[in-house]
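Notes for the one structure printed next.
Being a predicted model, the structure only gives us computed values, none of them experimental. Sequence positions, counted from 1, serve as the residue numbers for this chain.
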Amino acid sequence: MGEILLQNTLTGRKEPFVPLHKGEVRIYTCGPTVYDFAHIGNFRTFVFQDVLRRFLRLEGYRLKQVMNLTDVDDRIIQNAAAAGIGIREYTEKYVQVFLEDTRTLNIEPPEHLVRATDHIDDMVRLIEQLSRKSLTYTSEGSIYYRIAKFPGYGKLSKIDLSGIQAGARVDVDRYEKADVRDFALWKAPKPGEHFWETPIGPGRPGWHIECSAMAMKYLGETLDIHTGGVDLTFPHHENEIAQSEAATGKPFVRCWLHAEHLLVEGEKMSKSLGNFYTLRDLYAKGHRPSAIRFLLSSVPYRRQLNFTMDGLQQAASSVERLRNFVVRLKTERFPAGKGEAMPARARQAEEAFQAGLEDDLNTAQALAAIFDLVRDVNTAIDRGEFRQGDVPAVLAAMEKFDTVFSLLTDDDAEKLRALGFEVAAAGPDDAEIEALVAERQAARKRRDYQSADRLRQQLADRCIILEDTRDGGVRWKRK
């Protein structure tokens with residue numbers, strides 16, 4: 001394990017990461033609120049979290065990650081009531097869609113994927129614990145947290161508490177950044193709303209208490225890492241700290257990591273602007289999961305990402321370049337022997353790759369290390385300086401890269417078909433391809449380059465890519 005530096009939102013500094021329990025990292029991840037399809041801004045954060053967990057495992061850590069599914073909040077209750085169905089029935093569709101979406105982007109499942117509605121008793125017990133410490137008050141059947149009773153309030157978001165009106169409160173789950181008020185832990189039911197009968201009265205939990213209760217149930221009173229989008233810093237994560245630390249008297253999270261916003265074509269994503277995309281919107285436009293994952297992971301998580309259609313096309317080309325490179329290593333025959341330069345170059349690339357990720361998950365630096373290796377190896381092959389014995393070291397570097405970025409398996413078409421999307425026909429079968437390739441090779445040998453070019457284009461039109469090798473052969477691959 002090398003030294004990992006992470007930018008802790010709480011301290012505002014880049015700090016060496018050392019988990020509380022040796023060899024094990026306990027992570028809480030804010031998952032989706034399952035009232036609709038998750039959008040690409042959400043998945044920017046989820047892909048960052050996946051890169052983080054994959055890298056920590058590469059570094060030798062055991063992982064214990066919890067992701068919540070918020071399946072009760074104001075919007076869910078309103079939408080379910082409008083549809084005339086229960087909230088569990090309403091949210092189940094969106095839970096399953098989210099799980100499908102994570103699979104198509106190769107996002108690993110956490111060790112614990114937990115629903116808020118399965119943990120009402122845990123939330124009630126935490127509220128009772130806060131009430132015993134005189135940190136709550138009741139108004140019209142709802143229970144509120146007194147933020148004035150928690151001296152550390154604001155330490156994560158650095159929000160200015162001057163001018164706060166004592167006793168002012170908010171009842172909605174989401175509110176404006178400037179709206180610093182006591183927040184609801186437990187909400188009295190409105191007529192026609194779903195509610196739970198509990199020892200603290202009928203009602204349902206507020207949004208913030210859900211994460212505190214579930215995080216501490218599975219991970220203990222102090223977590224190593226808590227992740228989420230930067231928009232959750234206040235009020236959600238600030239309120240989590242207030243609840244949890246007031247209840248336990250211990251630090252709630254040792255390292256807070258927040259992913260920056262995603263823009264689309266330079267603007268904030270909005271349905272009114274027509275630039276609001278779910279993954280399925282992009283699949284319907286012909287884009288592939290691997291290209292989306294590449295683009296979402298290519299910019300370090302603390303930098304704003306400008307998601308563009310041109311960038312998505314470039315991402316697809318980058319993925320194809322990586323995949324073709326691995327195919328070339330595995331299928332082309334190189335001169336016998338083993339050199340010293342190429343294995344050393346591969347080790348250097350691995351070190352640069354790891355150093356990039358150890359520096360607060362600098363994915364741009366890590367990707368640059370791998371693409372530089374691809375360029376140098378391709379150049380060596382073309383010059384006849386690459387040997388068969390050099391292949392294992394370079395493939396090992398590529399495999400290490402893929403344990404974190406998960407892009408090299410060519411299964412996009414299979415994933416899209418499983419979701420019901422039409423994918424361009426796979427083209428001719430292998431025997432037909434080989435026949436056309438042989439015909440083109442024969443044309444090249446008799447110097448009939450016009451026919452050779454025509455056959456190459458014919459194959460390209462059918463999604464078959466040809467790459468001529470240094471020894472006069474040819475390699476082909478389905479696009």
Side-chain angles (χ1 to χ4, degrees), residues 32 36-51 94 96-108 229 259-301 303-327 363-364 367 370-371 401-402 404-427 460-465 477-479:
D36 204 344
F37 293 86
H39 55 69
I40 57 173
N42 302 136
F43 281 104
R44 196 271 164 106
T45 301
F46 297 141
V47 168
F48 139 64
Q49 292 163 167
D50 186 61
V51 169
Y94 297 111
Q96 295 308 315
V97 167
F98 174 71
L99 295 177
E100 288 175 348
D101 284 348
T102 58
R103 286 193 291 269
T104 63
L105 287 187
N106 289 349
I107 295 172
E108 294 183 339
E260 257 294 350
H261 290 296
L262 175 145
L263 302 176
V264 177
E265 305 289 351
E267 295 186 290
K268 184 177 179 180
M269 188 165 53
S270 166
K271 289 183 179 179
S272 63
L273 293 175
N275 66 352
F276 183 96
Y277 298 113
T278 67
L279 292 182
R280 288 154 199 253
D281 293 333
L282 296 174
Y283 298 155
K285 291 176 178 290
H287 299 293
R288 299 205 165 196
S290 60
I292 299 169
R293 181 178 172 97
F294 182 96
L295 184 54
L296 292 177
S297 61
S298 63
V299 174
Y301 75 100
R303 283 175 47 197
Q304 217 166 49
L305 168 63
N306 187 23
F307 191 99
T308 69
M309 294 304 128
D310 285 345
L312 202 47
Q313 293 288 358
Q314 293 168 14
S317 297
S318 295
V319 172
E320 196 66 21
R321 183 183 176 199
L322 293 169
R323 290 175 175 175
N324 286 340
F325 175 68
V326 171
V327 170
T363 50
L367 285 168
I370 294 303
F371 278 101
F401 154 79
D402 206 45
V404 176
F405 283 86
S406 193
L407 294 165
L408 296 181
T409 301
D410 190 358
D411 58 358
D412 291 293
E414 176 185 335
K415 288 176 178 176
L416 292 176
R417 289 193 186 96
L419 293 176
F421 287 93
E422 291 187 12
V423 181
D461 291 343
R462 302 176 74 180
C463 298
I464 306 300
I465 300 170
K477 184 177 185 295
R478 297 181 191 274
K479 187 173 182 180

Close side-chain approach of Lys268 and His261, heavy atoms under 4.5 Å: no
Side chains of Arg103 and Lys415: closer than 4.5 Å at any heavy-atom pair? no
Which label fits Tyr301 and Phe48: parallel for a plane angle under 30°, tilted from 30 to 60°, or perpendicular past 60°? parallel
Can you name the closest pair of heavy atoms from Ala315 and Ala291 and give their distance? CB-O, 3.4 Å
Pair Phe276 + His39: ring centers closer than 6.0 Å: yes
Can you tell me how far CG of Leu407 sits from CD1 of Ile370, rounded to the nearest 0.5 angstrom? 11.0 Å
Main chain of Asp402, side chain of Ser406: is a donor-acceptor contact present, judged purely on distance under 3.5 Å? no
If you measure from OG1 on Thr102 to CD on Gln49, what distance do you get to the nearest 0.5 Å? 12.0 Å
Give the ring-plane orientation class for Phe43 versus Phe46, where under 30° counts as parallel, over 60° as perpendicular and anything between as tilted. perpendicular
Could you tell me whether the side chain of Arg293 and the main chain of Phe405 form a donor-acceptor pair under 3.5 Å? yes
Quick one: do Val423 and Arg417 satisfy side chain to side chain contact (heavy atoms under 4.5 Å, CB included)? Show the steps, please. CA-CA 7 Å; Val423 181; Arg417 289 193 186 96; 3.8 Å; yes
Ignoring hydrogens and angles, tell me if any N or O in the side chain of Thr363 forms a donor-acceptor pair with the backbone of Ser297 under 3.5 Å. yes
Any salt bridge linking Glu100 with Arg280? Criterion: basic side-chain nitrogen under 4.0 Å from a carboxylate oxygen. yes
Determine yes or no for a side-chain-to-main-chain donor-acceptor pair under 3.5 angstrom, with Gln313 supplying the side chain and Thr308 the backbone. no
Side-chain touch Pro289/Leu416, heavy atoms, less than 4.5 angstrom: yes
Quick check: do Arg321 and Ser318 have side-chain heavy atoms less than 4.5 Å from each other? no
Just verifying a value: how many Å separate Ser317 OG and Leu322 CG, rounded to the nearest 0.5 Å? 11.0 Å
For the atom pair CG (Asn306) and CG (Leu262), what is the distance rounded to the nearest 0.5 Å? 8.0 Å
Going by heavy atoms in the side chains, are Lys285 and Tyr277 under 4.5 Å from each other? yes
Check ring-ring contact (aromatic ring centres under 6.0 Å, His included) between Tyr283 and all other residues, then give those that pass, not counting sequence neighbours. Phe421
Do Arg44 and Leu295 have side chains that get closer than 4.5 Å, going by heavy atoms? no
Any donor and acceptor pair, going by atom type alone, linking the side chain of Thr409 with main-chain N or O of Asp411 inside 3.5 Å? no
List the steps, then state whether side-chain hydrogen bond (donor to acceptor under 3.5 Å, both in side chains) holds for Asp281 with Thr278. CA-CA 5 Å; Asp281 293 333; Thr278 67; 3.2 Å; yes
Charged N to carboxylate O below 4.0 Å: is that the case for Asp412 and Arg323? yes
If we only count heavy atoms from C-beta on, is the Glu260 to Gln304 side-chain gap below 4.5 Å? yes
Between Leu305 and the options Leu296, Val264, Leu263, Ile40, the side chain to side chain contact (heavy atoms under 4.5 Å, CB included) test singles out Leu296
Would you call Asn42 and Phe98 a side-chain contact if the rule is heavy atoms closer than 4.5 Å? no
